Amino acid sequence: MPELPEVETIARGLQRAIAGKTIAAVDVTLPKIAVAPPGRRFSTSLQRDTIRRVTRRGKYVVFDLRSGRRLVTSLRMTGRLIVQANAALELLPYTHVALRFTDGSRLCFSEMRQFGRMRLVEADEPWDAALGVEPLESSFTARAFIGMLSGRSGAIKVFLLDQRRIAGIGNIYACEALWEARIRPDKPAGSLTKPAIRRLHAAIVDVLTRATDLRGTSVDDYVDAEGLRGGFQNRLSVYGREGQKCPRCGSLIVRTVLGQRGTWWCRRCQK
DNA sequence: CCGCCGCCCTGCTTGC
DNA sequence: TGCAAGCAGGGCGGCG
């Protein structure tokens with residue numbers, strides 16, 4: 001499940017691999033994946049456009065095109081964007097959309113669960129208006145975070161997963177940041193003290209930065225644009241570690257369910 | 001605006 | 001051993 005560090009790693013790899021390439025043709029084998037523009041127009045409107053730059057916004061990979069438009073891609077759980085040197089290679093399994101470039105190379109968008117989406121948006125289209133602040137940008141300050149949480153009755157972990165507030169945090173890094181900040185995942189967001197919010201702010205930035213430096217977390221499916229696994233799975237403190245010892249206090253890590261999501265934490269040191 | 005819920009989909013795990 | 005049911009999960013639309 002690619003979150004900010006994984007999507008950032010993928011986008012950087014794609015920038016190196018395909019920036020400057022021109023699209024010769026687009027093969028769509030599962031039409032519901034390519035949502036806009038609908039039908040055959042998705043492929044025809046991409047033809048002859050050029051990939052200018054590949055970036056990330058939240059958990060979305062964004063292909064900036066020479067025409068000014070953007071191809072916005074959501075990987076959801078099992079989505080992969082893999083570059084193949086030539087089109088004679090066998091397609092990656094579960095490839096639903098393939099971009100063929102004029103130099104003979106190819107980009108496969110594969111997604112086993114079929115939840116992933118690609119959307120071509122116009123130059124002036126505010127496609128990310130509903131997305132919240134980027135947690136690794138300077139606009140995400142502790143002060144701003146304090147303001148965002150005030151008056152909220154919902155659990156802090158559910159808040160962290162809400163992409164309309166902060167963009168890019170998923171289940172792994174929400175669990176890890178709350179552990180690092182020593183905060184219970186089910187604590188009402190508005191009840192956190194200012195020192196606790198400052199700790200959590202620092203923990204979010206720290207965890208996302210360290211995970212990005214290690215090219216993300218590969219717990220099961222995730223690989224980057226070159227097909228390589230990340231390195232942060234070896235640094236996880238609580239995520240997926242039910243029954244194992246808390247690295248800080250030695251108490252056993254528990255798994256509970258919060259907002260229909262598995263949640264791993266330490267009952268002793270997260271208050 | 002806010003919070004909650006169900007849906008989408010497939011492969012893996014669980015339980016009989 | 002074999003099979004079916006249950007579970008997981010990000011984003012989105014619908015609802016109150």
Side-chain angles (χ1 to χ4, degrees), chain A residues 1-11 28-36 38 56-62 71-81 91-97 108-119 121 125-135 147-178 185-192 208 211 216-223 233 236 238-243 254-265:
Chain A
M1 49 220 87
E3 307 178 25
L4 186 153
E6 293 77 34
V7 178
E8 179 66 29
T9 303
I10 290 166
V28 178
T29 43
L30 188 63
K32 71 173 179 182
I33 299 286
V35 286
R56 175 196 62 76
R57 171 82 169 99
K59 301 180 195 171
Y60 296 87
V61 175
V62 182
L71 180 61
V72 178
T73 305
S74 165
L75 300 163
R76 297 295 181 94
M77 257 79 72
T78 58
R80 292 180 176 185
L81 286 164
L91 273 179
L92 197 68
Y94 307 104
T95 293
H96 306 311
V97 178
C108 296
F109 180 35
S110 123
E111 222 275 281
M112 188 181 72
R113 301 254 169 98
Q114 305 184 8
F115 286 170
R117 295 291 182 264
M118 277 187 155
R119 179 186 305 270
V121 299
E125 206 174 324
W127 70 272
D128 67 341
L131 277 184
V133 64
E134 282 290 329
M148 291 162 79
L149 295 182
S150 97
R152 310 251 162 206
S153 59
I156 181 61
K157 190 200 169 204
V158 175
F159 180 92
L160 294 180
L161 294 177
D162 185 346
Q163 303 300 300
R164 295 168 300 180
R165 309 297 160 199
I166 304 172
I169 301 176
N171 209 19
I172 296 174
Y173 301 108
C175 291
E176 292 296 307
L178 287 164
D186 58 355
K187 204 167 165 57
S191 75
L192 267 65
L208 293 177
T217 303
S218 295
V219 277
D220 38 19
D221 293 300
Y222 162 71
V223 289
Q233 62 276 9
L236 295 174
V238 285
Y239 181 83
R241 296 173 62 85
E242 184 181 8
V254 297
R255 178 188 184 275
T256 58
V257 175
L258 198 52
Q260 293 113 289
R261 302 281 149 77
T263 303
W264 289 266
W265 56 293

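All chains are named by letter (A, B, ...) in the order of the sequence lines, taking the proteins before the strands, and each is independently numbered beginning at 1. Keep in mind the model is a prediction, meaning the values are calculated, not measured. Basis for what follows: all heavy atoms, side chains included, without hydrogens, waters or symmetry-related copies.
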Identified pairing partner of C:dG2, criterion: Watson-Crick or G-U wobble below 3.5 Å: B:dC16
Rounded distance in Å - CD1 (A:I169) to C1' (C:dG11): 16 Å
Below 4.0 Å: OP1/OP2 of C:dG11 and any side-chain N or O of A:K59: yes
Sugar-phosphate, base or nothing in reach of A:F159, heavy atoms under 4.0 Å: nothing
Atom-to-atom span, CE of A:M112 to P of C:dA8 - whole angstrom: 15 Å
Nearest-angstrom distance from the residue atom CZ of A:F115 to C1' of C:dC12: 12 Å
Nucleotide nearest A:Q114 when distance is taken to its side chain, options B:dG6, C:dG11, B:dT10: B:dT10
Spacing of A:L4 atom CG relative to C:dG11 atom P, expressed in whole Å: 11 Å
Separation of B:dC5 C1' from A:D162 CG (nearest whole Å): 15 Å
Flag side-chain contact, heavy atom, 4.5 Å: A:I10 against A:L75: yes
Greater than 12 external heavy atoms within 6.0 Å of A:R165's CZ: yes
Any A:R165 side-chain N or O less than 4.0 Å from OP1/OP2 of B:dC2: yes
5'-most by nearest nucleotide on DNA chain B - A:R261 or A:G151: A:G151
Residue pair A:M118 / A:L81, side-chain heavy-atom distance below 4.5 Å: yes
A:Q163 and A:Y60: side chain donor to acceptor below 3.5 Å: no
Residue A:K32, side-chain heavy atoms: nucleotide from C:dG9, C:dC12, B:dC8 that is nearest: B:dC8
Gap separating the CD1 atom of A:I166 from the OH atom of A:Y173, nearest 0.5 angstrom: 15.5 Å
Sugar-phosphate only, base, or nothing, as touched by A:T78 at under 4.0 Å among non-hydrogen atoms: nothing
Sugar-phosphate, base or nothing in reach of A:R255, heavy atoms under 4.0 Å: sugar-phosphate
Polar pairs (N or O, both sides) under 3.5 Å between protein and nucleotides 13-16 of chain C?
none

Sugar-phosphate only, base, or nothing, as touched by A:G259 at under 4.0 Å among non-hydrogen atoms: nothing
side-chain N/O A:R152 vs B:dG3 OP1/OP2, d < 4.0 Å: yes
Under 3.5 Å donor-acceptor pair, A:R113 side-chain atoms to B:dG11 base atoms: no
Sub-4.5 Å side-chain heavy-atom contact between A:N171 and A:K157: yes
Minimum-distance nucleotide (side-chain atoms of A:Q260 versus B:dG6, C:dA8, C:dG9): B:dG6
Atom pair distance, as rounded to whole Å: CD in A:E3 and P in C:dG9: 11 Å
Any side-chain heavy-atom pair of A:T9 and A:Y222 under 4.5 Å: yes
Min side-chain heavy-atom separation A:W127-A:R119 under 4.5 Å: no
Between C:dG11 (P) and A:E111 (CD): distance, integer Å: 12 Å
d(CD, A:E242; C1', C:dA8) in whole Å: 14 Å
Which nucleotide in B:dG3, B:dG11, C:dC12 has an atom nearest any side-chain atom of A:Y94: B:dG11
